[in-house]
Amino acid sequence: MKNRLLLYLLRMTKLFTYAFLIQCLTMNFLFAWDGTAQIKGIDKVMIKMPMEEVLLENAFAAIENSTEFNFVYTNKEMKDLTKISLSGDYQSLYDILVSISKQTQLEFKQINQNIHVKKSSVSSTKSEPIIILLEEKTVTGRVLDENGEPLPGATVLVVGTTTGTVTDMDGNYTITVPDGATLMFSYIGYDPMRMEVGDQSIISVSLLVDSSSLEEVVVIGYGTVKKSDLTGSVGSVKGDKLMNRSQNNAVKSLQGRV
């Protein structure tokens, strides 16, 4: 009987181990895929946008409905602008913005999935349109703990976006980021860290243990002690649980609750 029970426990342990490993590999794949997926540049997105004498706000709304991009602008930028016309040819979003820029003297800058709009500082109608494409770069590195040991499964996120990845078993990561990006490194039980990418292509960081969790004070039967210094077994009982008991003695009320 004991042998059968032991074999059953061993079999169940193996099954749970395999299921856990498969789940970890699946989550790692999903995060890595999301982190390496590149945001398309406006020169890679092809659309048709036939328009004749339409308001610029309506043109932006139509482009947003046909692409994954959003226009960011103020009413001041749109003030006193003439209506625009666009050909019905199949062309890139970059070429469409060039056409709009020539008609309105607006400048466009792509940052992630947002296209920022502002008036050009050059008043001449003969000036070249200003279209700034998103610049991307690949960043690699390692995430370590305070002792220099790798942290597998640490999260690396581009601040302000949903683009991110996780580190592998050796703490290594690879992620594609836009120009001017900031990375956020985090891991359970550690203080998160921000790093501006700048001109760097290799960024390795060492995370520090979250000091707040270690400095918590725990009340024990013979005094108080910091959570980081606690080595014994401690139980806690909320006040409302004690009130539900009919005992007049606090010590007796604790019995059977811890």
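Here the side chains of L56 and L106 are in contact, with some heavy-atom distance below 4.5 Å. The shortest distance between side-chain heavy atoms of D210 and Y190 does not fall below 4.5 Å. Using a 4.5 Å heavy-atom threshold, the side chains of Y173 and V143 count as touching. Looking at heavy atoms from C-beta onward, I100 lies in side-chain contact with F108 at the 4.5 angstrom threshold. Residues N172 and R142 form a side-chain contact, since some pair of their non-hydrogen atoms from C-beta on lies under 4.5 Å apart. Proximity of L183 to V158: side-chain heavy atoms (C-beta onward) are separated by under 4.5 Å at one or more points. L93 is listed as a side-chain neighbour of I115, based on a closest heavy-atom distance under 4.5 Å. T174 places none of its side-chain heavy atoms less than 4.5 Å from the side chain of T165.
Here CE of M46 is found 13.5 Å from OG1 of T67. Values are rounded to the nearest 0.5 Å. Residue E146 holds its CD atom at 7.0 Å from CG of L208, rounded to the nearest 0.5 Å. The CD1 atom of I47 sits 9.0 Å away from atom OH of Y90, with the distance rounded to the nearest 0.5 Å. Here the NZ atom belonging to K48 is positioned 11.0 Å from the CD atom belonging to Q91, to the nearest 0.5 angstrom. Atom CG in N114 sits 5.5 Å away from atom CG in N70 (nearest 0.5 Å). Going from atom CD of E53 over to atom NZ of K83 covers 7.0 Å, rounded to the nearest 0.5 Å.
Between the side chain of T182 and the main chain of V159, no donor-acceptor pair closer than 3.5 Å is present. A donor-acceptor pair under 3.5 Å is formed between the side chain of D145 and the backbone N or O of N147. With Q103 contributing its side chain and S85 its backbone, the two residues share a donor-acceptor pair below 3.5 Å. A donor-acceptor pair under 3.5 Å is formed between the side chain of T167 and the backbone N or O of G153.
A pairwise comparison of heavy atoms in L151 and Y187 identifies CD2-CE2, 3.9 Å as the closest pair. Of all heavy-atom pairs between M49 and S66, the closest is CE-OG, 3.7 Å. Heavy-atom minimum distance, G171 versus P150: N-CB, 3.8 Å. Pairing each heavy atom of T104 with each of T82, the nearest pair is CG2-O, 4.4 Å. The shortest non-hydrogen separation linking N58 to M51 is O-CE, 4.5 Å. Residue L157 comes nearest to T163 through the heavy atom pair CD1-O, 3.1 Å, listed as atom of the first residue, atom of the second, then distance.
Within the structure, no pair that satisfies the side-chain hydrogen bond (donor to acceptor under 3.5 Å, both in side chains) test touches residues 197-207, not counting sequence neighbours.
No path of Ile, Leu, Val, Met, Phe, Trp and Tyr side chains, each step under 4.5 Å between heavy atoms, connects M184 with V139, placing them in separate hydrophobic clusters. Hydrophobic clustering (side-chain heavy atoms under 4.5 Å, transitive across Ile, Leu, Val, Met, Phe, Trp, Tyr) keeps M195 apart from L144. Under a hydrophobic-cluster definition in which Ile, Leu, Val, Met, Phe, Trp and Tyr are linked whenever side-chain heavy atoms come within less than 4.5 Å, directly or via other members, L81 and L97 are assigned to the same cluster.
With sequence neighbours excluded, the residues forming a ring-ring contact (aromatic ring centres under 6.0 Å, His included) with F60 are F71, Y73, listed by chain and number.
Heavy atoms of other residues, nucleotides or ligands lying less than 6.0 angstrom from CD of E196 number 12 at most. Atom CD of E68 is surrounded by 12 or fewer heavy atoms from other residues, nucleotides or ligands within 6.0 Å. The neighbour count for K119 NZ, taken as heavy atoms of other residues, nucleotides or ligands under 6.0 Å away, is above 12. A 6.0 Å sphere centred on CG of N75 holds no more than 12 heavy atoms belonging to other residues, nucleotides or ligands.
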